[in-house]
Amino acid sequence: MTSGLTRFGRFLPNLVTNTALRRYSSEVAPKHLWQIGRLNHIAIAVPDLEKATSFYRDVLGAKTSEAMSLEEHGVYTVFVELGNTKIELLHPLGDKSPIQNFLDKNKSGGMHHICIEVDNIQKAMEDLKANNIRTLSLEPRIGAHGKPVVFLHPKDCNGVLVELEEA
């Protein structure tokens, strides 16, 4: 097997040069009736919301929101502004909170999900379903920003819980 120099200056077997790079290039991304947008936030489950908020606000100097309860989602949330994106601090609201389940398994807390914006959540859900990507609800719900959101099953997303939010 021979090698070829990629556009990134690395040598790869000819088997994966050019063709493989083009397949995953944004230049040939499949056309959809919806568009993926920017990273909206990274969510972190925390066992102590006040302590976590203080760390980002008082130690790192970030702007933080007031704590907000989202009963439909079973969480308290605080947003940490980072300029180009946000961190969402999640704390359980009630014993049946999905965040409480997460914290029972991860006592110190940790990354819970990432949130990516889409321009049309209904079309995105239709397309994802057609591609065998499961959602955790049949319909979008209103999220912390007052916009429709839906979560994608982590087993279908390389082990990551992905939230889509309509921009």
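The chain is numbered in sequence order, starting from 1.
Pairing each heavy atom of Glu139 with each of Ser137, the nearest pair is O-OG, 2.9 Å. Between Cys157 and Val162, the shortest heavy-atom contact is CB-CG2, 4.0 Å.
Residues Ile36 and Val150 share a single hydrophobic cluster, defined by chaining ILVMFWY side chains whose heavy atoms lie under 4.5 Å apart. Leu93 and Val78 end up in the same hydrophobic cluster when Ile, Leu, Val, Met, Phe, Trp and Tyr side chains are linked at under 4.5 Å. Grouping the Ile, Leu, Val, Met, Phe, Trp and Tyr side chains by contacts below 4.5 angstrom, directly or via other members, places Met125 with Val160. At a threshold of 4.5 Å between side-chain heavy atoms, the hydrophobic network of Ile, Leu, Val, Met, Phe, Trp and Tyr places Ile116 and Leu136 in two separate groups.
For the atom pair OG1 (Thr85) and CD1 (Ile114), the distance works out to 10.0 Å, reported to the nearest 0.5 Å. How far CG of Leu128 is from CH2 of Trp34: 5.0 Å, rounded to the nearest 0.5 Å. One distance of note links NZ of Lys147 with SG of Cys115; it measures 9.5 Å at 0.5 Å rounding. In this structure, Tyr76 OH and Thr53 OG1 are separated by 13.0 Å, a value rounded to the nearest 0.5 Å. Here the straight-line distance linking atom CG of Leu33 with atom CG of Asp127 works out to 7.5 Å at 0.5 Å rounding.
Heavy atoms from other residues, nucleotides or ligands lying under 6.0 Å from CG of Asn131 number more than 12.
The shortest distance between side-chain heavy atoms of Leu161 and His112 falls below 4.5 Å. With a 4.5 Å cut-off on side-chain heavy atoms, Pro140 and Gln122 count as touching. Inter-residue side-chain proximity for Ile99 and His91 is flagged as unmet; no heavy-atom pair is nearer than 4.5 Å. Looking at Leu164 and Leu152, their side chains come closer than 4.5 Å, going by heavy atoms from C-beta outward.
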>> Run Ile133 and His153 through side-chain contact (heavy atoms from CB on, under 4.5 Å) and show every step you take.
In response: CA-CA 7 Å; Ile133 306 297; His153 200 294; over 6 Å; no
> Given the rule in the side-chain contact (heavy atoms from CB on, under 4.5 Å) test, do Phe55 and Leu89 qualify, once you have shown the distances and angles that lead to the verdict?
Replying inline: CA-CA 11 Å; Phe55 170 73; Leu89 303 176; over 6 Å; no
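Residues passing the ring pair (Phe, Tyr, Trp, His ring centres under 6.0 Å) test with Phe151 are His113, sequence neighbours excluded.
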Which side-chain N or O atoms in residues 57-73 pair as donor and acceptor under 3.5 Å with protein atoms at least two apart or in another chain?
{"from": "Asp58", "atom 1": "OD2", "to": "Ser54", "atom 2": "OG", "distance (Å)": "2.9"}
{"from": "Ser65", "atom 1": "OG", "to": "Phe79", "atom 2": "N", "distance (Å)": "2.8"}
{"from": "His73", "atom 1": "NE2", "to": "Ile142", "atom 2": "O", "distance (Å)": "2.9"}

Donor-acceptor list for residues 102-111 side chains, cut-off 3.5 Å, not counting sequence neighbours:
{"from": "Asp104", "atom 1": "OD1", "to": "Gln100", "atom 2": "NE2", "distance (Å)": "2.8"}
{"from": "Asn106", "atom 1": "ND2", "to": "Phe102", "atom 2": "O", "distance (Å)": "2.9"}
{"from": "Lys107", "atom 1": "NZ", "to": "Asp104", "atom 2": "O", "distance (Å)": "3.1"}

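Sorted by first then second residue, the salt bridge (Lys or Arg N to Asp or Glu O under 4.0 Å) pairs that include residues 33-50, not counting sequence neighbours, are Arg38-Glu117. Every pair tested for salt bridge (Lys or Arg N to Asp or Glu O under 4.0 Å) that includes a residue from residues 77-99 fails, sequence neighbours excluded, so the list is empty. Among residues at least two apart or in separate chains, salt bridge (Lys or Arg N to Asp or Glu O under 4.0 Å) pairs with a member in residues 155-167 are Arg134-Asp156.
Applying side chain to side chain contact (heavy atoms under 4.5 Å, CB included) to Leu90 and the options Leu49, Val75, Val46 leaves one that passes, Val75.
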